[in-house]
Structure formats: C-alpha cells, structure tokens
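In what follows, chains carry the letters A, B, and so on, assigned in the order in which the sequence lines appear, proteins first and then strands, with residues in each chain numbered from 1. The structure presented is a predicted model; accordingly, all values stated were derived computationally and were not measured.
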Number of protein chains: 2
Amino acid sequence: MGVLERVDRRKAKAVAIAVPEVALETDRLIRGDCIAAMRALPDACVDMIFADPPYNLQLGGDLSRPDGSHVDAVTDAWDKFDSFAAYDAFTRDWLREARRILKPTGTLWVIGSYHNIFRVGASLQDQGFWILNDIIWRKANPMPNFKGTRFTNAHETLIWASQSEKAKYTFNYRAMKTLNDELQMRSDWVLPICGGQERLKKGGTKVHPTQKPESLLYRVMLACTKPGDVVLDPFFGTGTTGAVAKRLGRKWIGIEREESYIEAALERIEAALPLDESAVAIMQTPRQAPKVAFGTLVETGLLSPGATLCDTKRRWKAVVRADGSLECEGETGSIHGLGAKLQGAPSCNGWTFWQVDSADGLKPLDTLRQNYLLATEP
Amino acid sequence: MGVLERVDRRKAKAVAIAVPEVALETDRLIRGDCIAAMRALPDACVDMIFADPPYNLQLGGDLSRPDGSHVDAVTDAWDKFDSFAAYDAFTRDWLREARRILKPTGTLWVIGSYHNIFRVGASLQDQGFWILNDIIWRKANPMPNFKGTRFTNAHETLIWASQSEKAKYTFNYRAMKTLNDELQMRSDWVLPICGGQERLKKGGTKVHPTQKPESLLYRVMLACTKPGDVVLDPFFGTGTTGAVAKRLGRKWIGIEREESYIEAALERIEAALPLDESAVAIMQTPRQAPKVAFGTLVETGLLSPGATLCDTKRRWKAVVRADGSLECEGETGSIHGLGAKLQGAPSCNGWTFWQVDSADGLKPLDTLRQNYLLATEP
DNA sequence: AGCTATAATGAATCACTAG
DNA sequence: ACTAGTGATTCATTATAGC
C-alpha cells in the first residue's frame, strides 16, 4: 500500500479542531472567479486540487495546414496575459488560495505546457509545495508541426505536489501497478487526446478548446485519492474532473466563470454514471507494442554510421549515414524508401530487405532491432 | 530543410563586425568554474550550448533497495545549494554568460529533472530566451521506485531555446524525420540510460554519477547544428558532449572543475573516432536545385500558352497565358497566388497544386520543372 | 449492413527573401 | 520596418460519403 492510505490521525485531529466540523457542501459548481471562489472556502477542506490553468500560449498569426485548411487555435480572452509578470502574479494568487484550502495530507495536480509549466512549477516550489513527481502525458495522437520548424509538440506536463516535504499523502501504489500490467506505473503516460464521442460539441463545434480526456483524470484520481475524498477543480471548464469524480465515487467541487462551459459541464456530470468496483478493475491501459525507428539503432551504437548493408542477393550495397538514411549508387533515402527505389517497387520493408553481414552469414536488419528491444525492455 | 540550414548572411556579417575575426580556440577543455571560464570567452562565439547543470537534488537520508543494498545517490558537494534562492542566483549567472557567448542564430539546450528544471526554465524565459520545445527523454530502463511511494521517475526534461522569438536557428527537419522512420520527430524521445561499455568506470565504480548517454547528445547535435559548428558544454563532466561532437564533425569546448572528471573526459575524447564525411551527411530537402520560374516553362515551350491545368480533384480548370500567369473563372494570378485565391487559403504551392493532364493521368506541375532541370543541367 | 475512400481536426508560441 | 512574391509543409483518429 502507499505512503498513506489512511490519514495521519494526529494531523487529522488538529485540523478538526482548527476548523469546526461544518459539512462541506460538495458535488456542486461555484460560478465566478476562481480566486474569489476559493477565498470563500474554509481552510484545509479538500483532499485534492486538480488545476488546468490558462497556458498563456502567446500564439502568433494564423496557421494553415499543408492542405490549406485553417488551424483552429486557442484565441480565447482567458488565455491572454500582458506579460510573464502578470501571469506570475495570477499564478501566485490562485496557488496561495489552493494551498490554504488543501488539507495537510492533500495533494495538488497542475497541468501545463512549456509555455507556462516552468513558471507554475517554480512558483509552487516557492510557496512551499513539495514536488512528488512530474508526469508526462505523451499524446498518442498529437497535432503535427505543419511547417517543419520544430519537433512535434507531443506531450503536456503535470506536476504532482504535496503540502510539504514531510507531509503524508495518498498514493495507491498497488492500484497503479495493477493498472500497468504488474509493472510500476512510470512518470510518462501514453493517452489519446480528447476526441470522438467524448468531446463535447454544440452545433457541430467544440464547446471548449482544451477539454481534457477523462482517462487522464481517471488515472490521477485513482492514484492519489480514496473513495469519498473531495476533489476541487478551480478551472473546471466542461467538468471532466467532476464527471470522473462521480464515476469513481469521489466528491467534487468545480469553479468556473464562463456560462457556456458551466451549462455543458452540469449536463455532462448529470449523465455520468458511477462505476461499481468491478467495472473499475476492467479499465486497463493496453500495452503498446514498442516501436523502434532505424535511427535509434544508429544513435545507440548498435550500428555505426559508415557501416554497410546489402540485400539477400548482394545486388546492392548501402552505406549507413548519421541520420539513419542510407546511400547506395548515388541514391539516398530511408531503409524503406531506398529499398523501394532500388527495386523499382512502390514500397519495401527495409527491416527484412536490408541485411547485415556477420560471421554466420547475412542476417536481416530486424535481428538488430530485436537485440535492441531485448536490451532495453524492463 | 529546417528554418535555417544556412545562416542569415546579414546577421552573420554583423557579428563578424562586432567581434573581430579571431579564430576561436576549439576542441579543448577549460579547467575551472563555468561562470568565470565563460566570462573569458568573446561575445557570440558558439553555435550551441548544451548544459547539464547540477540538479539540486535535495535528497534526504540514505536510500536502500528492498534487498538492503545501498543506492549510490548523487551526494556530491557540487549538487548542494542552501536554498532555492541560491540555486536561482547560480542559474541566472551562468545563463547570462551563456546568452552572451551564444551567437544570435545559436540555440541553448538544458537538461534537468523536476528538482531544478522549472526554476531553470522560468529563469531562461526571464532572460529573453525563447523556448522552441521542451523535450522528454523517456528512459527505456529507469531505476524503479524502490519504496513504492511515487511513480517511477522514468524521464528527464530538456529545454531547447533560441536567443529570441524572432531569431533564426538551425533545425535539420529532414534529418530528424529520416531518423524517425519518415515520421516527424516528436518531443518525447525514448533512449536507454547510459550503461554497459559506454559507462565510464574506474576501479569498478562509476566515474560520474549522472553520465549522459551519447545517443542523447547525438540526436541533439544532429538536429540543431551543422558540421563545423562550435558546441560548448559548461558542465562538461566526463565529456559526452565532446565525444559526440568529435564523432559528428562538430567543434567543442568543455568547461569542468573536477580533476577526476577531466582526466576521464580527455582520455575518452582522445579515443573517440570521427565519422568520415559521407557518414555524417544527412538528408536534405531537395532544394539545392536552382530556382525555375513558371514563366520559363512557357517560354521554353514545355507548356504552351492556352494549355489547361487543373487541381487533383478537377474542381478548377485554369488556362496558361503567355506571361506565365493563369486564368480561371475570371480570376487571374501566378500559379501560387491563383491557387491560394481559389481555395480561399492564405498561401499555396502552385507547383504541387496544379496538375497537367497526360496519358497516364494527372501529374503535378513540378514534374515539368524536373524535366526542365534535367534537360538544362550541364 | 458492411466496406472503402474522403474529409475534418486537435493547447501550436509553425517561412524566407527581395525590395 | 513593412509589403509582396515564392514555395515548403502533416499524423492519428473520427466522421461522413459513396458503393
């Protein structure tokens, strides 16, 4: 079991003395500004805060796809800040209130991208929060980089933090290990972005530009709360946190300002059905087959630039280059592309076409890939 | 081709004027404190800085594995800071010098973990660096979390930043796509940790507690530098940056304080073998061909005035006019401009948008351009 | 109904040169 | 500094249309 699946009794009592036992009203949405709304809540009253604040994206002009279609960017007023200083002040303010209303045994989750997460992370450390992990949400299906100017931005970062270094907190270690096929849950989670039936739409257009997938909240809550715990989301949006809390038998409080989001959130949570224990157990992440790019073999030294490959009949001999491309008779390309080009075929599986010359004869490139997998698999 | 695979000539000249052309001494290790050593270097003299600063780990007591064996943690004096404020001051200082000695077209890479990366990221944004990506090094074989109190910390974070929002920088887009089996390289990289033969040891114990794998530096340098570029590493350690730079035909400068690391680094780099030029070559976009104006095809008779072009779906039919402009549905313009206008798109590549009807179906205009080039090449 | 082809879209800091 | 012209550039998934 985790560090704390039962609360430290002495601390729990101390809280009970400081804050008169008034039943906290839960499973409700508070309309209005998140900082003002949090101020109205008592000290140490929630077990988890999940926050998805504005990212302060600072986007430039319009962006088009290669096919000419327009990319629907996040241009909402709530994501606009005048400066880093203004964003930092906003961050400090909501974090301070979050810290106050969070129980000593509670934990904070914040999600962000490189635009804002470094500022948020530094700010919460400054306030005394103790980072337990940073978690990488590796998007299974991110939007590509259309202009070929950077790496595809394929992840977002979550920070998980306790109130202080010595604080006790809930971590359902066993549940996470079960969810991950009996391997310890890692700090990188592969999950699809929110789309399909799950994505809330009105009149054919998305209700919220940045709706988070329920699978993400599901894992967060399953890992770090107990049934009956209170989860607060100060940037509630369309209520993913509320819907998942209801499903998992946790209590929730949402704070949201925009009426259009509120309406969609309430309707959605109303429709959400609590799961029974057996259904929860079924939801497992499928283990993805590890994919290895040819370039990885070059990078990791299993094959050096300058090495030669040939086909099974030794008709062609190709030289490996630094980026994992091949060169043969003045032609260059990927292992698949060059193989196809040389044979005049529309396509070619380079892993089986290209051979490595070894002591015991030619072996397909694929055996090197198998070696890599054997060496790196846990 | 990336944003910039050759330097902006005007900017390069400006630098040459500001900084007298004194040959920078490269492929060498500077002993001593990184900030003092950087101060001795001229402005705008390096193309890339790769920094692996102390992580400020704040580890508590000793850590033991379940079998009772002791975990060799990072407890070196260089990783001790009295407070976040002290660490922040240190970060500001080395980043300021890094910014000064980095060329306007250069980029900065920093690697860290959740202990320090948020502070480093916020600090470099404050200094004016423009984050291009944050990259997740997803460790293929991380150390498990022995106590079962948190998620297995299975990644580290790298930040890639240019000097400013508008700065030009090198990104070898095509090489990265090739390296990743013809898919855009994403912001999450799966690479094994440094071990086996690669891990430097002396008397059976590791020389450096946090030696980075060469595969990581390999990808960083292949992505963001050109052959002959100067790469500086202010926290050189055992010289992974130097060894990979030598292999890839880049120049390097390392700064290191600890004599034990220096010794290992120099020995290692001495033994590293440079790849020959053909192996270091990377895939480029087919753009080295001289520019051909559309009008030239009309002038030379490859396409006659009055000929018709259409798009792939035959939605539009355009007539070629004598001056190389097109006419369609009363609209006229260049091959690019008219294509954009008809689609209602902000821009359009006319060479691939417009098709020529031939015996074996539609072929993009670009094939005519290729024919012209073949016919006119010496 | 079932299968295949086409279209749409997602937290994105997304071009460069010449004049 | 700004404008205009050329031309380089996308992946996984879902929804819809066509057969």
Side-chain angles (χ1 to χ4, degrees), chain A residues 52-76 78-80 84 111-117 137 139-157 192-199 201 204-206 208-213 237, chain B residues 1-6 8-10 125 129-134 161-162 164-166 168-169 171 173-174 177 180 182-187 285-287 289 291-295 312-313 333-337 339-340 345-354 365-366 369:
Chain A
D52 182 10
Y55 288 8
N56 188 23
L57 284 185
Q58 310 169 69
L59 300 179
D62 276 359
L63 181 64
S64 303
R65 296 186 176 83
D67 66 5
S69 65
H70 179 255
V71 175
D72 187 19
V74 178
T75 52
D76 306 70
W78 50 253
D79 198 44
K80 299 251 185 293
F84 278 138
I111 182 167
S113 66
Y114 67 84
H115 308 85
N116 71 322
I117 199 66
W137 169 26
K139 298 183 185 182
N141 47 349
M143 181 156 62
N145 180 295
F146 296 118
K147 305 293 188 189
T149 55
R150 304 180 180 191
F151 300 97
T152 303
N153 191 7
H155 73 275
E156 293 188 23
T157 301
I193 60 177
C194 180
Q197 292 301 312
E198 190 187 332
R199 188 86 192 202
K201 290 186 180 166
T205 58
K206 55 192 176 190
H208 194 286
T210 70
Q211 185 182 338
K212 295 293 174 288
Chain B
M1 196 110 344
V3 170
L4 173 89
E5 298 211 336
R6 63 211 170 286
D8 180 346
R9 296 297 166 197
R10 284 170 304 177
Q125 285 183 313
F129 281 107
W130 188 251
I131 297 179
L132 297 166
N133 278 115
D134 60 335
S162 65
S164 69
E165 179 178 358
K166 301 292 179 199
K168 302 193 183 305
Y169 55 90
F171 180 56
Y173 174 76
R174 202 70 203 67
K177 192 166 172 177
N180 195 37
E182 293 304 312
L183 285 179
Q184 285 191 337
M185 186 67 80
R186 299 166 41 117
S187 56
T285 42
R287 204 215 46 178
K291 250 192 205 175
V292 179
F294 177 64
T312 50
K313 289 167 200 154
S334 69
I335 56 169
H336 312 297
S347 69
C348 165
N349 182 347
W351 291 109
T352 52
F353 176 74
W354 293 108
L365 207 49
D366 197 48
R369 180 167 61 164

Has B:His336 got a side-chain N or O lying under 4.0 Å from the OP1 or OP2 atom of D:dG7?
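For B:His336, the contact criterion (side-chain N or O under 4.0 Å from OP1 or OP2 of D:dG7) is met.
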
Which whole number of Å gives the distance between the [atom1] atom of [N] and that of [M]?
N: C:dA12; M: D:dT9; atom1: C1'; value: 14 Å
N: C:dG10; M: D:dT10; atom1: C1'; value: 12 Å
N: D:dA1; M: C:dC16; atom1: C1'; value: 16 Å
N: C:dT13; M: D:dA8; atom1: P; value: 23 Å
N: D:dC19; M: C:dA1; atom1: C1'; value: 12 Å

Examine distances only and state if a side-chain atom of [X] and a backbone atom of [Y] form a donor-acceptor pair shorter than 3.5 Å.
X: B:Gln184; Y: A:Asn145; result: yes
X: B:Arg174; Y: B:Thr285; result: no
X: B:Arg186; Y: A:His155; result: no
X: A:Asp79; Y: A:Leu57; result: yes
X: A:Asp67; Y: A:Ser69; result: yes
X: B:Ser162; Y: B:Ser164; result: yes

Does [X] reach a base, just sugar-phosphate, or nothing at all? Heavy atoms under 4.0 Å.
X: A:Gly195; answer: nothing
X: B:Arg186; answer: nothing
X: B:Ala293; answer: nothing
X: A:Ser64; answer: nothing

Interatomic distance where [atom1] belongs to [X] and [atom2] belongs to [N] [whole Å]:
X: A:Phe151; N: D:dC11; atom1: CZ; atom2: P; answer: 15 Å
X: B:Lys166; N: C:dA15; atom1: NZ; atom2: C1'; answer: 11 Å
X: B:Trp351; N: D:dT9; atom1: CH2; atom2: C1'; answer: 18 Å
X: B:Ile335; N: D:dT6; atom1: CD1; atom2: P; answer: 8 Å
X: B:Phe171; N: C:dA15; atom1: CZ; atom2: C1'; answer: 14 Å
X: B:Asp366; N: D:dG7; atom1: CG; atom2: C1'; answer: 10 Å

Measure the shortest side-chain to side-chain distance between A:Asn153 and A:Tyr114 over non-hydrogen atoms and say whether it is less than 4.5 angstrom.
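Touching, per the 4.5 Å side-chain cut-off.
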
Between A:Glu156 and A:Tyr55, is any pair of side-chain heavy atoms under 4.5 Å apart?
yes

Distance from [X] atom [atom1] to [Y] atom [atom2], nearest 0.5 Å?
X: A:Ser113; Y: B:Asn133; atom1: OG; atom2: CG; result: 11.0 Å
X: A:Ile111; Y: A:Asn116; atom1: CD1; atom2: CG; result: 9.5 Å
X: B:Asn349; Y: B:His336; atom1: CG; atom2: NE2; result: 6.0 Å
X: A:Ile193; Y: A:Thr210; atom1: CD1; atom2: OG1; result: 12.0 Å

Can you tell me which stems DNA chain D forms, taking runs of 3 or more consecutive Watson-Crick or G-U pairs with both distances under 3.5 Å?
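Listed by first number, the stems are C:2-10 with D:11-19, C:15-19 with D:2-6.
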
Polar atoms only, N or O, under 3.5 Å: list the protein pairs with nucleotides 17-19 of chain D and their distances.
none

Between B:Ala345 and A:Gly68, the two heavy atoms sitting closest are CB-O, 3.8 Å

5'-most contact on DNA chain D: B:Glu182 or A:Gln197, nearest heavy atom basis?
B:Glu182

Syn-anti status, with the boundary at 90° from 0, for the nucleotide C:dT13
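Chi for C:dT13 falls in the syn range.
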
Letter per nucleotide, 5' to 3', of nucleotides 7-14 of chain C [B base touched, S only sugar-phosphate touched, - untouched; heavy atoms, 4.0 Å]:
S-BBBBBB

